[in-house]
Amino acid sequence: MNTVTLIKGDGIGPEITEATIKVIEAAGARIKWEEVSAGESALKKFNTPLPAEVIESLRRTGVGLKGPLTTPVGSGYRSINVALRKELDLYANLRPAKTYRGLTTPFENVDLVVIRENTEDLYTGIEHMVGDDAAESIKIITRKASERICRYAFRYAQNADRKKVTVVHKANIMKLTDGLFLESARKVSEEYPEVEFEDCIVDNMAMQLVMKPWQYEVMVMPNLYGDILSELCAGLVGGLGIVPGANIGEQAALFEPVHGSVPKYAGQNRANPAAMIMASVLMLGYIGENEAAWRIEQALSDLIEEGREITPDLGGSAGTREMAQALATRVR
Ligand code: NAD
């Protein structure tokens, strides 16, 4: 039996987590949950949003499932999500975006994966004022992190039977930073001659994705472009309510929905649990529970296609609990 660290999260987090556990149990996956609190609930209970036991548990189990965590805007504590990624060196952020039959989206048959470098670029938070009227933010790109993420992307493509990796950059303008990322991608691509390799400048990529998304399979890019383009890809396939994310490192992996804690729906039984359920599908694949993962993904796809027992954001009228119950019944 696998032990998995469970962080229910803030806002709608506890409801979508309950829904997800119900579906996982129905699928017969044998998991022992080690529940820990982070975010607002931990702040109330332990006076810190990130108690040491969260990191300890993730280090011990090596795998976690996490609901969304609220980050105060402007002041207050810094993002726990970013802290977890840093602390555990979860360097690869994997964000698949796939169309479901039954959802109205601009395109059919989109099946893309964005692989975002998760540890550097403009997200190191090194910013300062220069006098009163100017500010600087430092963009860091290292050869080590760039080669590591590109190697992850090619390995992922190989394992997932994908034919092509596209590296996204702005090396025409940022010749040193993005230039180094591109150079690293080119070097790593030579280790994988069976995978097609191409590069695309980020602005062109944005246009191509909203015109001909089927041209792409696996895209790898620095942190900021990955943040923005993965959300664009979410929009292509039906929005934040259905896309999962995985943060993967050498020692641990943390699976979560891409969306936030949607405080306005908290406790109302109207949050869509699909993104969290799809995050659990990625997690089940990671720990080798492939049969359960496959059954859940199929059941969710069928439920969405039928269009009745799904939440209002997907066009249905079911509550979170009802959607979870319908899925659990099918999965069984
Ligand atoms: P959000 O994703 O919480 O909500 C944006 C909008 O998307 C919502 O108003 C809602 O209409 C829709 N939506 C998203 N998920 C949905 C779901 N499951 N069911 C139904 N509708 C859904 O983004 P936000 O409002 O910018 O952020 C709210 C809080 O979440 C902030 O504190 C932010 O920092 C945090 N956040 C956390 C994570 C994370 O934990 N990984 C990610 C993003 C935002």
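Order of listing sets the numbers, starting from 1, for every ligand and every atom in it. Both backbone and side-chain heavy atoms feed into the values below; hydrogens, waters and symmetry mates do not.
Atom numbering of ligand 1 starts at 1 in the shown order; those under 4.0 Å from a heavy atom of Glu256 are 41 (N). Listed by atom number, the atoms of ligand 1 under 4.0 Å from Ile12 heavy atoms are 18 (N). Listed by atom number, the atoms of ligand 1 under 4.0 Å from Pro68 heavy atoms are 40 (O). Residue contact check: Thr70 has heavy atoms under 4.0 Å from atoms 32 (O) of ligand 1.
For the pair Asp121 and Arg116, the salt-bridge criterion is not met [side-chain N within less than 4.0 Å of a carboxylate O]. The pair Asp313-Arg270 does not count as a salt bridge, with every side-chain nitrogen at least 4.0 angstrom from each carboxylate oxygen. Between Lys8 and Asp10, no side-chain nitrogen of the basic residue sits less than 4.0 Å from a carboxylate oxygen of the acidic one, so the salt-bridge criterion is not met. Salt-bridge formation is detected for the pair Glu198/Lys164: a Lys NZ or Arg NE/NH1/NH2 atom is positioned less than 4.0 Å from an Asp or Glu carboxylate oxygen. Ion pairing of Arg186 with Glu190 is absent here, as no side-chain N (NZ or NE/NH1/NH2) approaches a carboxylate O to less than 4.0 Å.
Legend: residues meeting side chain to side chain contact (heavy atoms under 4.5 Å, CB included) with Thr48, ordered by chain and number and at least two apart, are Phe46, Pro51.
The backbone and the side chain of Thr71 each have at least one atom closer than 4.0 Å to an atom of ligand 1 (non-hydrogen atoms only). Counting heavy atoms under 4.0 Å from ligand 1, residue Leu240 touches it through the side chain alone.
A heavy-atom separation below 4.0 Å is found between Val258 and ligand 1. Ligand 1 has no atom lying under 4.0 Å from any heavy atom of Ala275. Distances shorter than 4.0 angstrom do not occur between any heavy atom of Arg270 and any atom of ligand 1. Taking 4.0 Å as the cut-off, Ile16 does not count as a neighbour of ligand 1 on heavy-atom distance.
Within a 4.0 Å radius of atom 6 (C) of ligand 1, the protein has no heavy atom. Using a 4.0 Å threshold on non-hydrogen atoms, atom 3 (O) of ligand 1 counts as touching the protein.
Nearest non-hydrogen protein atom to atom 27 (O) of ligand 1 is Gly260 CA, 4.5 Å. Summary of contacts: the protein heavy atom closest to atom 35 (C) of ligand 1 is Leu69 O, 3.4 Å. The protein heavy atom nearest to atom 39 (C) of ligand 1 is Asn81 ND2, 3.2 Å. The single protein non-hydrogen atom nearest to atom 13 (N) of ligand 1 is Val262 CG2, 3.9 Å, given as residue, atom name and distance. Protein heavy atom nearest atom 11 (O) of ligand 1, with residue, atom name and distance: Lys264 NZ, 3.5 Å. When only non-hydrogen protein atoms are considered, atom 19 (N) of ligand 1 lies nearest to Asn272 N, 2.9 Å. Here the heavy atom of the protein found nearest to atom 29 (C) of ligand 1 is Ser261 OG, 3.2 Å. With hydrogens left out, the protein atom closest to atom 21 (N) of ligand 1 is Tyr265 CE1, 3.7 Å, a heavy atom.
More than 12 heavy atoms of other residues, nucleotides or ligands sit less than 6.0 Å from atom CH2 of Trp214. Applying the 6.0 Å contact sphere to CZ of Arg60 captures more than 12 heavy atoms from other residues, nucleotides or ligands. In Asn204, the CG atom is crowded: over 12 heavy atoms of neighbouring residues, nucleotides or ligands sit closer than 6.0 Å.
Of the N and O atoms on the side chains of Gln251 and Asp89, not one donor lies less than 3.5 Å from an acceptor on the other residue.
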**Message:** Walk me through whether Glu309 and Gln325 qualify under side chain to side chain contact (heavy atoms under 4.5 Å, CB included).
**Reply:** CA-CA 9 Å; Glu309 292 160 303; Gln325 184 55 53; over 6 Å; no

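Note: an N/O pair closer than 3.5 Å links His259 and ligand 1 by distance alone.
The residue from Thr5, Asn2, Thr3 that alone fulfils the side chain to side chain donor-acceptor pair (under 3.5 Å) condition with Thr61 is Thr5.
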